[in-house]
Participant: 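Structure incoming, see below.
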There are 4 protein chains.
Amino acid sequence: MKTFTRVLLLMLVVFFFGCRTVTEEKEKPAITIEEVLHAQKQWCDALIEIGNVYVAGGDYHQVTDSIISLLYDYDHGQVIFKPTLAFGDQTFRLSKQGAVAYFAGSDPDFPDDKGFALRPWIAAEFENIGNDHEGIHLYGDKAIGAGHVHFTGADGGQVTVEKIFGYRKYDDGSVRIILHNSSLPYSP
Amino acid sequence: MKTFTRVLLLMLVVFFFGCRTVTEEKEKPAITIEEVLHAQKQWCDALIEIGNVYVAGGDYHQVTDSIISLLYDYDHGQVIFKPTLAFGDQTFRLSKQGAVAYFAGSDPDFPDDKGFALRPWIAAEFENIGNDHEGIHLYGDKAIGAGHVHFTGADGGQVTVEKIFGYRKYDDGSVRIILHNSSLPYSP
Amino acid sequence: MKTFTRVLLLMLVVFFFGCRTVTEEKEKPAITIEEVLHAQKQWCDALIEIGNVYVAGGDYHQVTDSIISLLYDYDHGQVIFKPTLAFGDQTFRLSKQGAVAYFAGSDPDFPDDKGFALRPWIAAEFENIGNDHEGIHLYGDKAIGAGHVHFTGADGGQVTVEKIFGYRKYDDGSVRIILHNSSLPYSP
Amino acid sequence: MKTFTRVLLLMLVVFFFGCRTVTEEKEKPAITIEEVLHAQKQWCDALIEIGNVYVAGGDYHQVTDSIISLLYDYDHGQVIFKPTLAFGDQTFRLSKQGAVAYFAGSDPDFPDDKGFALRPWIAAEFENIGNDHEGIHLYGDKAIGAGHVHFTGADGGQVTVEKIFGYRKYDDGSVRIILHNSSLPYSP
């Protein structure tokens, strides 16, 4: 009977630890607040970099394309992007082409896009809403965050827009934008 | 010893089936296109319902509160809501109070909210972007969808706004809004 | 005397809390394991992106320049970079120009650089050493991590190199490479 | 009441000076170029010392152990060490044992280590890259430096290797190695 009890206990141990193992294999890597903050900052840096390349006479269209590939999820998944100044049939950009056109312009398929990054901007700062990042909501491998971006143009002009970004973290550690809504503040 | 063997076998059975059960519990129910479409329609219906109650002299503030509880995830999780006509410090509404105030007005904490639902509206139609619902992106138990809502006021006026909704489906089958961005179309 | 005691206690409270505030203002944001993993992954993605642009006939030199600006700290601080295949006087690359030349080639100042990214590579995977990321050492706003990167060329060839990366996190959330050592494995 | 005022003043004095003290304690002592140069020189001297002890029939294994304790941060923190001639699973040495084995050999856990210091070497000189120590990057209490070490063996042979060292300075003034990468120059 002693042996019986031992085996019973062993089985219980195996049961709980075995199950835990199975369960953990299914858990996706969770995105963190820090990763969201970093992705926000990188988006701001990228916008300015495109403008720098433009001013320096570089191939800013190509640079934009590559940066969009790195920061947005177009090449690996799907993205909803509503740029600040897009409108009509081209309000939402579900394709990478539409995103590149918005930032870099010069795309005959998107004739209204002047190239948002080309103003150019010399500063862009993300301001999250609330305290303690309460406007960043984590959902396992996804995150949604809201706030404002304050842009400063090379011409000294300043613009503030409202932003909502959604991010997805992949098993390989990649964090990319799956949602980007930008709009001009409503003025009553 | 016979008893011992029986228990051993029983434990093994429990082990494998138990683990499978645990694992399956981790798989969250996936949200479907149909559920997103339903949630969009329900949001439109709810807006009109609030207006109906208002016109009929009912307790529209109470109704709004209940409807927000039903359709949004404020009571169970967290929500990012940027209403069309909100601005300044009150642009983003992370609390249910802020959402109710926007639709029903009369909240001293949100003095600029006139009560969006009280115009009232007699029709509201969600128009998804793209073909084959390509603007609705499913991510397991989450979904993000983009489009326009066309409102028709009791006064005959028509307004179109840009919408992005994010939804979360719970294990119990509930589908609620975790993200709602609304903005007036940009006019160049 | 009672008042005296009260003031004494108050001062002590102010003393400790006041000091704590002063102290906390000095703390820099700490880099996390997740941020290191993400930076590793992004480096791999960037290498492949440069090759993609090259194959597609795009301005890969410009893209490389912008990507180096985003991922390395050349524009904001200082970087030590020892590429795998660099040698002689040009073994270490302290300037951004030297880094761009290594990845994209075609720089008369770095005549031995063929453009490492142009092979091109179709896969690059970072393998950290040890268990539980024991090869990633965090030092507040800095981190050092060691491992191997396994490259797969478009020609099917496979190469593994030894990597040490150092990262710096800035107050604004930026995480950029300050150290990058790459070397071919020693073969006895 | 006079006593009260005196104590009040005293507390204020303590408050401001106390806070300043606390704050200054948080500022870690900055490492200097001179300390990095000294650490480089000491590493070279230590290598030769181990060889001297070996040739003289002394307990070189014990000496190596002590020197590693003095110069590297294994006992106090963590170290990434990639020796020149290490390979395979033992490429990176995160433990002190692995470092000692590399320099002194004779460790069954590291069967491929012949004892790098035992050749022996009669001269070792660190050559920093760039002018004005531009290859030594200081980050408060941390520093990273790159260069070459030129070894001369007792047999007259000469070897040059590429080095990157990372150092950490402790509050007590200690400066120890937290990173050491060594590799044979690439030969095209």
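First the proteins, then the strands, lettered A, B, ... as listed; each starts at 1.
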Participant: Could you grab the distance from atom OH of B:Y186 to atom NZ of A:K82, nearest 0.5 Å is fine?
Facilitator: 10.5 Å
Participant: At a 4.5 Å cut-off on heavy atoms, which part of A:L85 comes close to chain B: side chain, backbone, both, or neither?
Facilitator: both
Participant: Picking from A:S187, A:G77, A:G166, A:G147, which has the most non-hydrogen pairs under 4.5 angstrom with chain B?
Facilitator: A:G147
Participant: Counting only heavy atoms not in A:D132, do more than 12 sit closer than 6.0 Å to its CG atom?
Facilitator: no
Participant: What part of B:L179 gets closer than 4.5 Å to chain A, counting heavy atoms only: side chain, backbone, both or neither?
Facilitator: side chain
Participant: Can you tell me if OH on B:Y74 sees more than 12 non-hydrogen neighbours from other groups inside 6.0 Å?
Facilitator: yes
Participant: Using non-hydrogen atoms and a 4.5 Å limit, figure out which bit of A:K163 sits close to chain B: side chain, backbone, both or neither.
Facilitator: backbone
Participant: Report which part of B:I80 has an atom under 4.5 Å of a heavy atom belonging to chain A: side chain, backbone, both, or neither.
Facilitator: both
Participant: Using a cut-off of under 4.5 Å for heavy-atom pairs, which of B:D89, B:L184, B:I129, B:T84 has the most such pairs with chain A?
Facilitator: B:I129
Participant: Evaluate the side-chain proximity of B:T91 to A:H148: yes if any heavy-atom separation is below 4.5 Å, no if none is.
Facilitator: yes
Participant: On a heavy-atom basis, which atom in B:E134 and which in A:L94 lie closest, and how many Å separate them?
Facilitator: O-CD1, 3.5 Å
Participant: Among B:T160, B:I178, B:D141, B:D112, single out the residue with the greatest number of heavy-atom pairs under 4.5 Å to chain A.
Facilitator: B:I178
Participant: Applying side chain to side chain contact (heavy atoms under 4.5 Å, CB included), run through B:Q78 and A:Y139 and close with a yes or a no.
Facilitator: CA-CA 10 Å; B:Q78 43 195 4; A:Y139 296 97; 3.6 Å; yes
